[in-house]
2 protein chains.
Amino acid sequence: METRELRYFVAVAEELHFGRAALRLGIAQPPLSRAIGALERRLGAALLERGSRGVSLTGAGAVLLREARAALDAVEAAERRTRRAALTAAGHPSVVLAAKAGASGELLAKLLDVHAAEPGAVAVDVLLCGPGEQAGVLRDGRADVALLHRPFDDTAGFDTEDLHTEGQVVILPAGHPLAVRPHLRLDEVTGLPDLPLPRWPRPDGSFPDGPGPQVRDHTQLTQLIALGRACAVVPESGRTGLREDLAAVPVLDAPRVTTVIAWPPHSRSTAVAGLVRAATTL
Amino acid sequence: METRELRYFVAVAEELHFGRAALRLGIAQPPLSRAIGALERRLGAALLERGSRGVSLTGAGAVLLREARAALDAVEAAERRTRRAALTAAGHPSVVLAAKAGASGELLAKLLDVHAAEPGAVAVDVLLCGPGEQAGVLRDGRADVALLHRPFDDTAGFDTEDLHTEGQVVILPAGHPLAVRPHLRLDEVTGLPDLPLPRWPRPDGSFPDGPGPQVRDHTQLTQLIALGRACAVVPESGRTGLREDLAAVPVLDAPRVTTVIAWPPHSRSTAVAGLVRAATTL
DNA sequence: AGCGGCGATACCCCAGCGGTATCGCCGCCC
DNA sequence: GGGCGGCGATACCGCTGGGGTATCGCCGCT
């Protein structure tokens, strides 16, 4: 199978519409129809159900969508990592570290300091991601190593090293009645009608249904909380550097969050190893 | 990048010879030279050092070789798993379980029994592998789930569940002086001049250098030991069903071996989940 | 019945892949 | 040192197959 066929199939499977998929791929619709048809014939499997109202995935199609995404990520990673290896050989060694924007700021700063102090440390490019983006960024080679947060991020498929475990706090407007409490339970803060939990975008950019406001980044979140339109449950370290119009109250029964450093299991370059070593000595 | 280019590059990188690589790929040498040249130009990186005596890999080339193998495995896995998903939809559901030939026989039998007794259990095809082959078989989609043995097998990149931990024994000819001892230390059995440890083939089929005889499977191994030409350190469970002309003596300080069940993190089908559930209840 | 949306088919064209012939370079050996 | 052989690169050609346009067939809606 060629990656071109996989890209074509993924486009159709995501759009569930040959015309739109062709538009997205920058080709005409007929060659796309033919390519998918040929793919189905070669695999000996129906991938799409052509109904009169658009198309839908078959079971085999759903499997191929999942596997094709992984395979395309691997191919992209091969290309990116090779390009970066060439730069390294040309005298510009660097590692790309993915971190969630607005999380673990303290730890990240310490990590970069400790690593920079080591002899022979290479330059570290920090790639800030939205929530849930890090795993993908690591898989497709845009990053070499990432800071993830269990249980929020999926660490499956990566090698990891635990760095730090902490409880969670709820961030509230400073004037809110609950803000004066010494601590809270989870059921007291989820489903507050006046302060709903915000909705973060899915990897594809769409938002889940629900009552809360839509947020895309940390700034939007703090602003919404300050405006009294939302609250948020975040790891303790998120309270450092908090705006003065916000308050943080520990949530005792919220799951504890573990910060881990993760990297693709087969790419243990010396540069990544150095960063991991620095992280574990924190 | 197209998989064709990756396949071409892997062939050249493995053969380190354009002519032989072309032969292996079933094409002529000139288009291969051109394809690699075009790839290098597009990546903006030298992948191969063309010396007067054959070719060698550059740093970037070594990175691409590693990444390309992973990517090609992922593409193959996509194809295989889609084919199998189609068969499942057509009413022939099955799971392929990879196990090391000659290891964990007892556990494997119990696992298959327990799983078969569950309601709605699908057929299990057992794929027996040589040592170290399981990870590859799982990565390229020939198997859906595997029994691995830490610390021998590399479990990086898979989801795993521990099943069983055991010590190791050394298998000796029944008449050997050490066979009467109640237990042994590792340094007493490694480097016995009369009974060297055998050499297993690497993934590429070649054998490491060393004094021991070359073995390819379990039968060869037991026969060589019975002939007094080798000994072997294996998990305790390897002593069940031992030929009567062989003896097993516990090796106290050999690393304990953990049998784990492993599967690719992103492909948790219900069939795989059922098998994992059966395994964890053993 | 007419129309519009959507995927499949028919047919054509050309880019790109692969093949053959040949070159250029470098060791090697008599 | 000149001839030779091995190996990768280049030149050039032919054709396959991927992509484009036009159109069909089917279905649902009005």
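Numbers restart at 1 for each chain; the letters A, B, ... are given by sequence-line order, proteins then strands. Because the structure is a prediction, the values reported are computed rather than measured.
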Atom pair distance, as rounded to whole Å: [atom1] in [X] and [atom2] in [N]:
X     : N      : atom1 : atom2 : answer
B/R4  : D/dG18 : CZ    : P     : 11 Å
B/L23 : C/dG19 : CG    : P     : 12 Å
A/E15 : C/dC6  : CD    : C1'   : 15 Å
A/L48 : C/dC6  : CG    : C1'   : 14 Å
A/E5  : D/dG19 : CD    : P     : 10 Å
A/R42 : D/dG17 : CZ    : P     : 12 Å
B/L32 : C/dG19 : CG    : P     : 10 Å
A/I27 : C/dC13 : CD1   : C1'   : 17 Å

Between [X] and [Y], does any side-chain N to carboxylate O distance fall below 4.0 Å?
X      : Y      : value
A/R277 : A/E118 : yes
B/R42  : A/E79  : no
B/E14  : B/R24  : yes

Considering residues at least two apart in sequence or located in another chain, which fulfil the side-chain contact (heavy atoms from CB on, under 4.5 Å) criterion with B/A123?
-> B/S94
Can I get a per-line list of side-chain donor-acceptor pairs under 3.5 Å for residues 28-39 of chain A, giving both atom names and the distance, sequence neighbours left out?
unit_1, atom_1, unit_2, atom_2, d
A/Q29, NE2, A/S33, OG, 3.0

Please identify each residue that fulfils salt bridge (charged side-chain N to carboxylate O under 4.0 Å, His left out) with A/E2, with sequence neighbours left out.
-> B/R7
Heavy-atom donor-acceptor pair, A/Q134 side chain to A/L147 backbone, under 3.5 Å = yes
Please name all residues satisfying side chain to side chain donor-acceptor pair (under 3.5 Å) with A/D159, sequence neighbours left out, ordered by chain then number.
-> A/R268
Quick tally for nucleotides 8-13 of chain D: nucleotides whose base has a protein heavy atom under 4.0 Å get B, sugar-phosphate-only ones S, the rest -, giving BBB---
I'd like a list of close polar pairs between nucleotides 24-30 of chain D and the protein, N/O only, cut-off under 3.5 Å.
unit_1, atom_1, unit_2, atom_2, d
D/dG28, OP1, A/S52, OG, 3.2

Cation-pi check, A/R20 onto A/F18 ring (under 6.0 Å, within 45° of axis) | no
